[in-house]
Amino acid sequence: MKIVLYICLLFSSLLYANVIEVGPTKPIKSIKKAISLAKVGDTIMVHQGLYKEGNIIINKKIVFLGKNLPVLDGQKKYEVLSIKADSVVVDGFKVIKSGYATLEDPCGIKVYNRNDVVIQNNVLDDNFFGIYIQNGRRCIIKNNRLVAYGTEEQKLGNGIHCWKSDSLQIIGNTISGHRDGIYFEFVTNSIIWRNISTRNIRYGLHFMFSNDDAYISNIFKNNGAGVAVMFTKNVKMFNNFFEENWGDAAYGLFLKEISDSYIIGNKFSKNTSGIHMEGTNRIQVEKNVFEANGWGMKILASCSDNVIKNNNFLGNTFDISTNGSLVLNTFNNNYWDKYEGYDLDKNGVGDVPFHPLSLFAVLTETNPSAMLLFRSFMITLLDKSEKILPSITPDNFIDNSPLMHSLAL
């Protein structure tokens, strides 16, 4: 009986839902007027044109639909679109030139303490913050393109900024030119999937205090310092690309104070450091490719119980570096292109253990200026000597079962 009643209510709501058209040639020319006339469940269809209406507030459940990318212009004065109702859909707009204010964080589109909001197929151009979810639940941000043009970190907001939210889906967006491409703070049980985050001033992605999330099949390329995941646990990082994040303090992925997480199937290519780990515990690093980085991995002495296995290390200047002698992490079944051992029993595993930490990597960690001697005959001689008579590098920094051939990852 309850199911029948629900179906009847659903059909009655669809029957009485209206489509209100807005446009230069339509009877209603103002978006704000259309919102005031709309009832819960209505669709407002905005036709192509330029709309300068200040701060537009959606305070009821509607579908807000743009046809041929109508432009909502904040004129560098206003937050453009503020969503203050549950289950709103925003689809098909070009949102430009939001105001700038460091205390109020004006946005192209901002969701205020609401649930089940969908923001999709929009272009956000030259806004302070692009899309901002504040204390939202089950919101979807999908297939949007976000572009900003600032050159100074303090004068820019983030592309997609999410705060104190749960069960979000960030899917298929393209973000460039912001402070951070995607920013999560106190966000749980959420997924970041198939996004492209490039040329952002600071990070392509920035996690803070955000547990039980996953980011999968994203591209983070040519950002100021790559991706940072900090003060977090239970994160899954699968099949992402970390590329061309160069700089004095840059890395593909920076991990600080995280635990019980998985880094599987990613590619780290042409970064200053592929992964930089501080205070990380119980991380599984598996089936990744570290290729043509300055450092494949920097694992500081504050890290413990991490497992690094079945990865390919190819063409890195240094495969591994550390700043201490105590090693509490495990290396197993990795392929190292610098390995010079043999495999007499032909089982695909080297018969001689591999020490991935070179003497020169240890020296440059404490004396960065020693890099001036890189590729010199003296350093080559030191490294060869260290392999014969290890003295400085930790004895237990070792892969006992190095692979003879790279893995097909």
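When a residue number appears, it is its place in the shown sequence, counting from 1. The basis for the numbers below is simple: all heavy atoms, side chains too, and nothing from hydrogens, waters or symmetry mates.
In this structure, Ile192 and Phe207 have side chains that are in contact, with non-hydrogen atoms separated by less than 4.5 Å.
For Gln169, there are no side-chain hydrogen bond (donor to acceptor under 3.5 Å, both in side chains) partners at least two apart in sequence or on another chain.
At a cut-off of 3.5 Å, with distance as the only test, a side-chain donor of Arg179 or Asn158 sits close to an acceptor on the other residue. Side-chain contact of Asn281 with Asp305: a donor-acceptor pair under 3.5 Å is absent, judged by distance alone. Remark: the Asn144 side chain and the Asn122 side chain contain an N/O donor-acceptor pair separated by less than 3.5 Å. Using a 3.5 Å distance cut-off with no hydrogens or angles, the side chains of Asp125 and Tyr149 do pair a donor with an acceptor.
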List the steps, then state whether ring pair (Phe, Tyr, Trp, His ring centres under 6.0 Å) holds for Phe331 with Phe354.
CA-CA 10 Å; Phe331 296 85; Phe354 179 62; 9.7 Å; no
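Here the closest heavy-atom approach between residue Ser190 and residue Asp166 is recorded as OG-C, 3.9 Å.
A cation-pi arrangement is present between Lys110 and Tyr132, with the terminal nitrogen or guanidinium carbon under 6.0 Å from the aromatic centre and inside a 45° cone about the axis.
When the shell of 6.0 Å around NZ of Lys39 is examined, it contains 12 or fewer heavy atoms from other residues, nucleotides or ligands.
Each of Asp399, Asn310, Asn288 was checked for a side-chain hydrogen bond (donor to acceptor under 3.5 Å, both in side chains) with Asn334, and the lone residue meeting it is Asp399.
Side chain of Asn240 to backbone of Asn266: no donor-acceptor contact under 3.5 angstrom is found.
Listed by first and then second residue, the side-chain hydrogen bond (donor to acceptor under 3.5 Å, both in side chains) pairs involving residues 52-65 are Ser30-Glu53, Asn55-Ser82 (not counting sequence neighbours). The list of side-chain hydrogen bond (donor to acceptor under 3.5 Å, both in side chains) pairs with a residue in residues 223-237, not counting sequence neighbours, reads Asn200-Asn223, Asp212-Asn234.
Comment: Asp180 engages Arg202 in a salt bridge, judged by a side-chain N to carboxylate O separation of less than 4.0 angstrom.
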